[in-house]
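The structure appears below as structure tokens.
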Protein chains: 2
Amino acid sequence: MGATKHEIFQDQINEEAAIFNALGHPARLAIVKTLLTYKTCVGNYLTNEIALSQPTISQHLKVLKNVGIIQGTIEGKSVCYCLNHSLIEKLRVFVGDMLIQYDLHQSNCNC
Amino acid sequence: MGATKHEIFQDQINEEAAIFNALGHPARLAIVKTLLTYKTCVGNYLTNEIALSQPTISQHLKVLKNVGIIQGTIEGKSVCYCLNHSLIEKLRVFVGDMLIQYDLHQSNCNC
DNA sequence: ATATTTAATTGTAATATTGCAATATTACTA
DNA sequence: TAGTAATATTGCAATATTACAATTAAATAT
């Protein structure tokens, strides 16, 4: 064993978990926060801002891109990154639903 | 190398990433969703519901407990789990802030 | 008392992740 | 046409995660 058994879960759960998982590393969360602050941002800025090597930052950017959280556009010799609108909407809906469901009956826990 | 360099990130980022990371596995997300649906839930129910072994479920419950997402109370020979109110509030605030910041200037991306 | 049920722990194998040096690639610049 | 800058890729070592069998522990049931 050793690998996650994705096949026993619904596609939707796997997809949502993949999004949370991508946000679940401090370097990647720092990248997302930078994009929230500056709206767009070139890769090299992140490499200077975060104390990790260029290949490591590149790898984290790839993870965020693969789940659709960010997108990158080539601009000369740079790549300009920004958050992916549809993905943020998906996160909004999912977390919103979650919290609504929580409010409906979680105000007190009887255990 | 091989371990995440937590020391180069702010405590808050590490903490938030840890929460997302805990939600970033389909089994753990399934547990959280079950608790959202049923409010409380005994461990054995999860073991029967999710096609993973009892030790594996127990391990995932521990991860969720360690970051404070859930709490468990012993009830006879069972353990009754529920979501942790203060943690859910933290998630609400963080994601809320994130989405507000996004709305402020992310409606269109110029790259 | 003994058996059963529920859950946690321990140990371990398989696999994935993290991080970086070295290198490749691509585009601009002098 | 070099030379430089920004990024991606490859290969690898260190570490973490996932999953489970076996075992333990604690409470209940017979």
Checklist entry - Under the side-chain contact (heavy atoms from CB on, under 4.5 Å) test, which residues partner V79(B), sequence neighbours left out? => result I74(B), Y81(B)
Next on the checklist: My understanding is that only residues two or more places apart in sequence, or in another chain, count here; which of them pass side-chain contact (heavy atoms from CB on, under 4.5 Å) with E89(A)?
Outcome noted: H85(A), R92(A)
Checklist entry - Are side-chain heavy atoms of L83(A) and L36(A) found at a separation under 4.5 Å? => result yes
Checklist entry - Got I70(A) and L61(A) here, is their nearest side-chain heavy-atom distance under 4.5 Å? => result yes
How close do [X] and [Y] get, heavy atom to heavy atom, and via which atoms?
{"X": "L35(A)", "Y": "C41(A)", "result": "CD2-CB, 3.5 Å"}
{"X": "K65(A)", "Y": "G72(A)", "result": "CD-N, 4.5 Å"}
{"X": "I13(A)", "Y": "K33(B)", "result": "CD1-CD, 3.6 Å"}
{"X": "T40(A)", "Y": "C82(A)", "result": "CG2-CB, 4.2 Å"}
{"X": "F20(A)", "Y": "L91(A)", "result": "CE2-CD1, 4.3 Å"}

Checklist entry - If you check every side-chain atom of Y81(A), which of dG19(C), dT7(D), dA7(C) has the closest atom? => result dT7(D)
State which residues pass side chain to side chain donor-acceptor pair (under 3.5 Å) with [X]; sequence neighbours excluded, sorted by chain then number.
{"X": "Q10(B)", "answer": "none"}
{"X": "Q54(A)", "answer": "none"}
{"X": "S58(A)", "answer": "none"}
{"X": "Q59(B)", "answer": "none"}

Checklist entry - Residues from residues 62-69 of chain A sitting under 4.0 Å of DNA chain C, heavy atoms only? => result none
Item to check | Interface with DNA chain C, restricted to residues 23-32 of chain A and to heavy atoms under 4.0 Å | outcome: H25(A), R28(A)
Which atoms of nucleotides 2-6 of chain D (N or O only) lie under 3.5 Å from a protein N or O atom, and what are those distances?
from, atom 1, to, atom 2, distance (Å)
dA5(D), O4', K77(A), NZ, 3.2
dA6(D), O4', K77(A), O, 3.3
dA6(D), O3', K77(A), O, 3.4

Pairs: protein N or O with nucleotides 21-25 of chain C N or O, under 3.5 Å:
none

Whole angstrom value for the distance that separates [atom2] of [N] from [atom1] of [X]:
{"X": "N48(A)", "N": "dT7(D)", "atom1": "CG", "atom2": "C1'", "answer": "13 Å"}
{"X": "I57(B)", "N": "dA19(D)", "atom1": "CD1", "atom2": "P", "answer": "9 Å"}
{"X": "E75(B)", "N": "dA7(C)", "atom1": "CD", "atom2": "C1'", "answer": "14 Å"}
{"X": "L52(A)", "N": "dT7(D)", "atom1": "CG", "atom2": "P", "answer": "15 Å"}

Checklist entry - Which residue, N21(A) or T47(A), contacts DNA chain D at a nucleotide closer to its 5' end, judged by nearest heavy atom? => result T47(A)
Item to check | Sugar-phosphate, base or nothing in reach of T4(B), heavy atoms under 4.0 Å | outcome: sugar-phosphate
Checklist entry - Without hydrogens or angle criteria, can the side chains of T37(A) and T34(A) be said to hold a donor-acceptor pair below 3.5 Å? => result no
What side-chain donor-acceptor pairs closer than 3.5 Å can you find for residues 22-32 of chain A, not counting sequence neighbours?
from, atom 1, to, atom 2, distance (Å)
H25(A), ND1, A27(A), N, 3.0
H25(A), NE2, T4(B), OG1, 3.4
R28(A), NE, A22(A), O, 2.7
R28(A), NH1, H60(A), ND1, 3.1
R28(A), NH2, N21(A), O, 3.3

Item to check | Check: dA8(D) base within 3.5 Å donor-acceptor of Q59(A) side chain | outcome: no
Checklist entry - Got a salt bridge between E16(B) and K90(B), using NZ or NE/NH1/NH2 to carboxylate O under 4.0 Å? => result no
Checklist entry - dA19(D) phosphate, OP1 or OP2: any side-chain N/O from H60(B) under 4.0 angstrom? => result yes
Checklist entry - At under 4.0 Å, does any side-chain N or O of T56(A) touch on OP1 or OP2 of dC20(C)? => result yes
Checklist entry - Does anything in residues 6-15 of chain B reach DNA chain D, meaning a heavy atom under 4.0 Å, and if so which residues? => result none
